[in-house]
Amino acid sequence: MDHIFALVDCNNFYVSCEKVFDFTLRGRPVVVLSPNDGLVIARSNEAKALGFKMGDAVFQMQDLIKEHAVVVFSSNYALYFDMCDRVREVLAQFTPRLEKYSIDECFLDLSGFQPDELEDYGRQIKAKVEQWTGIPVSVGIAETKNLAKLANKLAKKSEKARGVLNLYKSPYLDKALAATDVGDLWGVGHQYEMMLKSNGIVNALQFRDAPEHWVRKKMTVMGARIQAELRRTECYSLEELPKPQEMVGTAQGFGIPIESLDELKAAAAAYADKEAKKLRRIKQCVKELVVWVQTNHFGRDPQYGEKAIIYFPVASNDPAVLIKKVVAAVELLYKKGYKYKRIGLNAIKTEMENEVQEHLFVGKQTSERRELLRVIDQLNEVTGAATVRMASVAIDGRWVQKATRQSPHFTTRNSDLPIARVV
DNA sequence: TCTGGGGTCCTAGGACCC
DNA sequence: TCTGGGGTCCTAGGACCC
């Protein structure tokens, strides 16, 4: 069966979310930073025009920020996740066959439409999302996911397309491929781009028409699939159900390096708490957990890293249980004289919350206990992250990552609701 | 000065088994 | 002279994604 894929991609998503709630940002250069306020990870068109790149270090951009009065935000994921849900709700009204690909992209299955209806339908989708959520989107339509991705990119770039481009059965496909740099293809990163260009393959049309066996030899089956998709042969289907998560991890760098054991233990407690919360959200309990500590491998200081595996006799997602074990493990891993940059946790074996195996000598989590944790989670969700927390979990450690320029949780926290005034 | 954090997929090679 | 070969599981590393 011949499929038709549409890729709907939110433009400058994080920045667009901020703009929905502050119209004074319109027309101004705006950037959003990574979780530790270190890198630029989203830019408004105005900021792009000023030369801000994805992944730029903020400290290197200070002059430019001052000079052009760039508005800078720490990332506010509570807001972005919520806006993401709203966009998807609108998209779901256009087709039930929808894949959530990333926080700002959805694939839609539009199979069954006539080629000449597609562009108009794409424009309806774009208009409806923008009207109901305030988030601007681009739409690319084609026979395969990779081509839909490419169409989307061109839709964003081209003035004429005005945000929607349909390449399904289009006579302009070759032209579109020729206009696409080979490095802009989905699945072709920096390494492959260099390799292809040094072999004279500069645009997507040349890549599509290169010998298949050569592409497979140089880029494994991944490359061969990209090529097949450019030839309108579907290799990737719509995945409506998210894959069950295998590993649940928490690994964050510290705002500043940690040298003392006490501080490292405090950080470990906070990360264990976070890990437990993640597990509760997906209704899993951890059976085996890897804990690791690591110095900053970008620095010139002496390097050290070590890991330990923790076994839980009865799988758990109770913060008290996780914190106790993780802190004890970190105490063993700690070596004096190093500057620690991060702690990582990774649940390598988990069990479903309602299928946890009992243990003869260790009590199972009671249903009252589970209910208590559920209520605490809900409370924290509404009032702010750490209203109720384990006593050992500090939220004011020097090592806590900086996020000093975060916008309010407009849509998820009562105290942050926007206020409307009539003037 | 500072350098994200979460992933996926594929391949090669080693250990082990019969 | 010649010293199996095929399968599975695991890990590490490289490439990519947002």
Side-chain angles (χ1 to χ4, degrees), chain A residues 7-17 31-43 53-63 65 73-77 80-81 84 99-107 145-146 148-150 152-153 182-196 215-226 229 235-236 239 242-257 271 274-275 278 281-282 288 290 292 294-301 305 307 309 339 341-349 401-403:
Chain A
L7 176 64
V8 180
D9 185 311
C10 301
N11 303 344
N12 312 332
F13 182 56
Y14 297 172
V15 165
S16 297
C17 290
V31 299
V32 173
L33 308 181
S34 63
N36 200 19
D37 286 357
L39 306 176
V40 172
I41 55 169
R43 309 151 293 154
K53 300 263 177 322
M54 201 75 172
D56 276 344
V58 183
F59 76 95
Q60 285 174 332
M61 311 305 282
Q62 287 305 341
D63 291 348
I65 288 170
F73 285 98
S74 301
S75 39
N76 181 349
Y77 287 97
Y80 311 149
F81 282 122
C84 169
E99 174 188 341
K100 304 162 183 178
Y101 176 68
S102 76
I103 189 163
D104 66 340
E105 290 163 284
C106 270
F107 282 106
K145 282 183 166 181
N146 213 303
K149 209 59 187 174
L150 186 146
N152 188 290
K153 200 154 228 173
V182 74
D184 286 339
L185 283 173
W186 190 33
V188 176
H190 184 246
Q191 298 297 321
Y192 286 151
E193 180 186 352
M194 295 294 118
M195 186 277 293
L196 289 167
V215 169
R216 180 179 290 262
K217 198 177 79 190
K218 290 284 195 177
M219 299 170 67
T220 78
V221 296
M222 302 302 283
R225 281 181 199 151
I226 298 167
E229 289 231 321
C235 298
Y236 299 103
E239 286 170 33
K243 292 186 199 86
Q245 219 168 338
E246 269 189 19
M247 284 205 240
V248 186
T250 303
Q252 253 187 333
F254 308 132
I256 54 155
Y271 286 21
K274 200 171 155 185
E275 177 77 8
K278 266 192 194 172
R281 196 183 312 139
I282 58 170
E288 286 181 30
V290 179
W292 43 277
Q294 181 70 52
T295 51
N296 182 3
H297 51 258
F298 289 108
R300 275 181 224 98
D301 296 314
K307 62 181 177 180
I309 298 181
K339 293 179 180 167
K341 178 62 182 173
R342 67 181 66 225
I343 290 179
L345 301 178
N346 228 332
I348 50 175
K349 260 191 199 160
Q401 288 201 344
K402 296 164 277 185

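To find a chain, count down the sequence lines: A is the first, B the second, and so on, and within it residues start at 1. Bear in mind the structure is a predicted one, so any value in this text is a computation, not a measurement.
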Exercise for the section: Look at all strands and tell whether A/E105 reaches a base, only sugar-phosphate, or nothing, counting heavy atoms closer than 4.0 Å. Expected result: sugar-phosphate
Problem - Candidate nucleotides C/dA15, B/dC2, C/dC18, ranked by approach to the side chain of A/F59 - the nearest - result: B/dC2
Problem - N or O in side chain of A/K341 less than 4.0 angstrom from B/dC2 OP1/OP2 - result: no
Practice task
Identify which one of A/D37, A/V32, A/N36 satisfies the side-chain contact (heavy atoms from CB on, under 4.5 Å) criterion when paired with A/S75.
Solution key: A/V32
Practice task
Identify whether any heavy atom of A/K218 sits under 4.0 Å from a base atom; if not, whether one sits that close to sugar-phosphate; answer base, sugar-phosphate or nothing.
Solution key: nothing
Listed pairs, N/O of protein and of nucleotides 8-14 of chain C, under 3.5 Å:
none

Practice task
Could you tell me the separation between the CG atom of A/D56 and the P atom of B/dT1, rounded to a whole number of Å?
Solution key: 17 Å
Completion exercise
Between NZ of A/K53 and P of B/dG4 the distance, given in whole Å, is 19 Å
Exercise for the section: Note every stem involving DNA chain B: at least three consecutive Watson-Crick or G-U wobble pairs, i with j then i+1 with j-1, with both distances under 3.5 Å. Expected result: B:5-18 with C:5-18
Problem - Whole angstrom value for the distance that separates C1' of B/dG6 from NZ of A/K278 - result: 8 Å
Exercise for the section: Among the candidates B/dC2, B/dG5, C/dC18, find the nucleotide nearest to the side-chain atoms of A/A57. Expected result: B/dC2
Practice task
Indicate whether OP1 or OP2 belonging to B/dG5 is found under 4.0 Å from a side-chain N or O atom of A/N36.
Solution key: no
Practice task
Looking only at side-chain atoms of A/R342, point me to the closest of B/dG6, B/dG5, C/dC18.
Solution key: B/dG5
Practice task
For A/V58, answer base if it contacts any base atom (sugar-phosphate contacts may also be present), sugar-phosphate if it contacts only those atoms, and nothing otherwise; contact means non-hydrogen atoms under 4.0 Å.
Solution key: nothing
Exercise for the section: Tell me what A/I226 touches on the nucleic acid: a base, only sugar-phosphate, or nothing, going by heavy atoms under 4.0 Å. Expected result: nothing
Practice task
Please determine, for the side chain of A/Y192, which listed nucleotide (B/dG4, C/dC18, C/dC16) has the closest atom?
Solution key: C/dC16
Handout entry: Partner residues of A/N146 under the side-chain hydrogen bond (donor to acceptor under 3.5 Å, both in side chains) criterion, sequence neighbours left out
Key = none
